Amino acid sequence: MEIDPLPNGNTGTTSIIGSPTDTTLSSAVSTPATSETPASKLSYLSDSLKLEHQFLRVPFEHYKKTIRANHRAVEKEVSAVISAVDSSSSDLSRDDAVSHLSSLVSRLQGLKRKLEEGSRVENLQAQRCRARLDHLESADADNLNEWSNTHLKRILVDYMLRMSYYESAAKLAETSNIQDLVDIDVFHEARRVIEALQNKEVSPALAWCADNKSRLKKSKSKFEFQLRLQEFIELVRADNNMRAIRYAQKYLAPWGATHMKELQRVLATLAFKSSTECATYKVLFEPKQWDHLVDLFKQEFYRLYGMTLEPLLNIYLQAGLSALKTPFCYEDDCPKDDPLSQESFRKLAVSLPFSKQQHSKIVCYITKELMDTENPPMVLPNGYVYSTKALEDMARRNNGKITCPRTGVVCNYSDLAKAFIS
């Protein structure tokens, strides 16, 4: 399945012209460009690879987490076996000793199975890390189109997973054969917690906090504290005041040294009740508090695995929109081919500054100089556009002959036509 690139707008952009792409030159263009020079391709690849931090970080963090979990499980089991051996009495009867040893053997066999399963999972995750390194190493100018297409599919899968379209993401990954290049299994871990919070259950989220306690503590996370506050609020809502007080003494009191103000505000709900009309406390009983917990969990989850807080698709789109956004985009006569004429793109670009370039500028591919009325663009018979100065210099050095640096096509300087600048 190949994904064709979408057409992009050109309002307020600076174009480096080596092929006929600017709409202001449409009257002088006859043949579109079909290829890029190796230098420009390598430059594109170099810029793309700088953004692949998350691509490598996520599977590596998942790999480390699995190793830590397996290590803890083995230590716990081995410690239990050793304790059982040490505590066994030397005056056991023959039958009791055989029974005791049999139970220890069964326990060690169970440990062996756990070790084999843990080793299998670790090998799969190590293989995934290797596959991603191989994918990045395979990037070169010769397979740029294929690599970019895979890159786009990865971005789409990432967006679907963040928007909770898990089945669609898995289907796209499967049909594109990029399962090792996306993080479906990592997001399934988050899926269980998110669905539980949406059903107003905090137990899976608290278990997740316990599994990642050291790292959350290191980042000074407030997620577990917010979960405890919500549990307390639910007890107050159900009029279980005594149970709520005991819960606060056990789970909320340890947070008093660092979150006293928030703690005092929540404890005051014992007096105001869930039916209060006081805005300060009424908001604590609103259903949107659960949505806030879901958003907070997502932030902590992304931070834990080194992911960007925004979907990669939004980041890439905003990078392009930042060059296209001008005051003209918000006027009634904004052309329909401008992405910012669509409400969805306008919403995505709300926080972006306006581009300093409010009019298109054309830069010569050869000299990298601006083409304007003093140095107008000229069109070769094959449709490629370069500056007058560059072509005149080339004609002087080659007896009036012009060689297109992109295609190698040779023509006479007298056959060239000037393009239009708007």
Side-chain angles (χ1 to χ4, degrees), residues 54 58 61-62 65 68-69 161-164 166 183 186-311 314:
Q54 172 178 313
V58 174
E61 290 294 338
H62 197 209
K65 182 180 178 181
R68 288 193 296 267
L161 290 171
R162 290 173 185 255
M163 298 296 109
S164 300
Y166 302 105
D183 305 307
V186 175
F187 275 91
H188 274 301
E189 175 188 339
R191 179 181 185 178
R192 293 190 293 270
V193 177
I194 292 172
E195 290 180 348
L197 290 175
Q198 289 172 341
N199 293 326
K200 300 183 179 181
E201 299 175 8
V202 298
S203 297
L206 289 172
W208 182 83
C209 290
D211 290 340
N212 301 279
K213 186 174 182 179
S214 59
R215 300 191 63 189
L216 292 174
K217 184 178 180 180
K218 186 176 180 180
S219 64
K220 299 181 180 180
S221 170
K222 294 173 58 177
F223 181 55
E224 183 179 355
F225 176 61
Q226 294 295 332
L227 291 172
R228 297 295 185 186
L229 291 183
Q230 191 62 42
E231 272 201 308
F232 178 84
I233 290 293
E234 295 305 315
L235 291 173
V236 175
R237 191 198 307 274
D239 289 329
N240 291 329
N241 289 355
M242 293 305 299
R243 188 179 171 189
I245 291 172
R246 289 193 296 269
Y247 182 90
Q249 291 172 337
K250 183 176 181 179
Y251 296 110
L252 296 183
W255 297 88
T258 54
H259 300 86
M260 180 56 71
K261 287 186 178 180
E262 294 173 80
L263 196 54
Q264 289 174 336
R265 180 188 175 203
V266 171
L267 290 175
T269 58
L270 287 168
F272 283 88
K273 305 294 185 180
S274 60
S275 58
T276 181
E277 292 299 321
C278 180
T280 303
Y281 303 102
K282 182 179 180 180
V283 68
L284 297 174
F285 293 97
E286 292 181 355
K288 68 178 181 180
Q289 293 297 322
W290 289 99
D291 297 332
H292 172 67
L293 286 176
V294 171
D295 293 338
L296 188 58
F297 167 73
K298 288 181 178 180
Q299 292 176 20
E300 296 295 343
F301 179 79
Y302 299 152
R303 190 177 292 113
L304 190 72
Y305 282 103
M307 301 182 189
T308 57
L309 298 182
E310 283 287 320
N314 287 4

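This is a predicted model, so every value here is computed, not measured. We use all heavy atoms of the structure for the numbers below, so side chains are in, but hydrogens, waters and symmetry mates are not.
- Rounding to the nearest 0.5 angstrom, the gap separating the CG atom in Asn314 from the OG1 atom in Thr308 is 9.0 Å.
- Not one N or O on the side chain of Arg243 forms a donor-acceptor pair closer than 3.5 Å with the backbone of Leu235.
- Counted by atom type alone, Gln230 and Gln226 present zero donor-acceptor pairs between their side chains at under 3.5 Å.
- Considering all non-hydrogen atoms of both residues, Leu284 and Ile233 come closest at O-CG2, 3.6 Å.
- Contact of the Arg228 side chain with the Leu206 side chain is registered, since non-hydrogen atoms from C-beta on lie closer than 4.5 Å.
- Rounding to the nearest 0.5 Å gives a distance of 10.5 Å between CD1 of Ile194 and CD of Glu189.
- Thr276 contributes no side-chain N or O that, together with a main-chain N or O of Lys273, makes up a donor-acceptor pair within less than 3.5 Å.
- Taking CD from Gln198 and OG from Ser164, the interatomic distance works out to 6.5 Å, rounded to the nearest 0.5 Å.
- Note that the CZ atom of Phe187 and the OH atom of Tyr305 stand 10.0 Å from one another [nearest 0.5 Å].
- The pair Arg265-Glu262 does not meet the salt-bridge criterion, since no charged nitrogen lies less than 4.0 angstrom from a carboxylate oxygen.
- The two residues Tyr281 and Ala268 make their nearest non-hydrogen contact at CE2-CB, 3.6 Å.
- Closest of all the heavy-atom pairs between Trp290 and Leu197 is CE3-O, 3.4 Å.
- Residues Trp208 and Leu304 share a closest heavy-atom pair of CZ2-CD2, 3.6 Å.
- Lys288 places a side-chain heavy atom less than 4.5 Å from the side chain of Val283.
- The 12-atom threshold is exceeded at CZ of Arg68, counting heavy atoms of other residues, nucleotides or ligands nearer than 6.0 Å.
- The CG atom of Leu229 lies 14.5 Å from the OH atom of Tyr251; values are rounded to the nearest 0.5 Å.
- Just one of Glu61, Lys65, Arg191, Met307 meets the side-chain contact (heavy atoms from CB on, under 4.5 Å) condition when paired with Val186; it is Met307.
- Val236 is not listed as a side-chain neighbour of Phe272, based on a closest heavy-atom distance of 4.5 Å or more.
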